[in-house]
A.B. asks: 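One structure coming up, written as structure tokens, with questions to follow.
Below, each value reflects all heavy atoms present in this structure, side chains not excepted, and no hydrogens, waters or symmetry copies. We're numbering straight along the sequence, starting at 1.
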Amino acid sequence: MSLMNVEEVAAFLGVQESRVERLERESLLTAKDKDEQGRPLFERSQVESYKSLAERLGGL
């Protein structure tokens with residue numbers, strides 16, 4: 001299981017970090033863990049699936 005932090009997810013999706021945090025709050029991306037500062041960490045495969053779905057629905 002490969003975990004990505006907020007910055008990595010934002011870069012992968014091409015969005016701002018605040019958007020990633022909002023997606024997590026709205027349960028559209030589920031954090032698998034928290035880092036030492038309490039920020040969410042996401043599983044890479046879930047982020048890739050979310051990106052694929054978002055693109056099919058019209059974009060991020």
A.B. asks: Any idea which heavy atoms bring Glu24 and Ala31 closest together, and the distance?
C.D. replies: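 Taking every non-hydrogen atom into account, OE2-CB, 3.8 Å.
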A.B. asks: Contact between Val6 and Glu21 at the side-chain level, heavy atoms closer than 4.5 Å - yes or no?
C.D. replies: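 Of all side-chain heavy-atom pairs linking Glu21 with Val6, at least one is under 4.5 Å.
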A.B. asks: How long is the straight-line distance from CD of Gln46 back to CE of Met4, given to the nearest 0.5 Å?
C.D. replies: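 If I round to the nearest 0.5 Å, the distance is 11.0 Å.
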A.B. asks: Can you spot which of Leu3, Val20, Asn5, Leu23 makes a side chain to side chain contact (heavy atoms under 4.5 Å, CB included) with Phe42?
C.D. replies: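 Filter result, single survivor: Val20.
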A.B. asks: What distance separates Glu48 CD from Phe12 CZ, expressed to the nearest 0.5 Å?
C.D. replies: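 Rounded to the nearest 0.5 Å, the CD-CZ separation comes to 4.5 Å.
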A.B. asks: Can you tell me how far NZ of Lys51 sits from CZ of Arg56, rounded to the nearest 0.5 angstrom?
C.D. replies: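 Between Arg56 CZ and Lys51 NZ, I get 13.5 Å after rounding to 0.5 Å.
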A.B. asks: Counting only N and O atoms by type, is there a donor-acceptor contact under 3.5 Å from the side chain of Lys32 to the main-chain atoms of Leu41?
C.D. replies: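 Absent.
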A.B. asks: In Å and rounded to the nearest 0.5 Å, what is the CG to CD distance from Asp33 to Glu43?
C.D. replies: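 Rounded to the nearest 0.5 Å, the CG-CD separation comes out at 11.5 Å.
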A.B. asks: Show, in sequence, the C-alpha distance, side-chain angles and deciding distance for Glu7 and Glu17, and conclude whether the side-chain contact (heavy atoms from CB on, under 4.5 Å) test is met.
C.D. replies: CA-CA 6 Å; Glu7 296 82 14; Glu17 292 177 22; 3.1 Å; yes
A.B. asks: Once you round to the nearest 0.5 Å, how far does CG of Leu29 lie from CZ of Arg22?
C.D. replies: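 The distance works out to 11.0 Å.
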A.B. asks: Of all heavy-atom pairs between Tyr50 and Leu28, which one has the smallest distance, and what is that distance?
C.D. replies: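 Closest approach of Tyr50 to Leu28: CD1-O, 3.9 Å.
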A.B. asks: Please answer whether the main-chain N or O of Ser45 pairs with a side-chain N or O of Ser49 as donor and acceptor at a distance below 3.5 Å.
C.D. replies: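 Here the side-chain-to-backbone pair exists.
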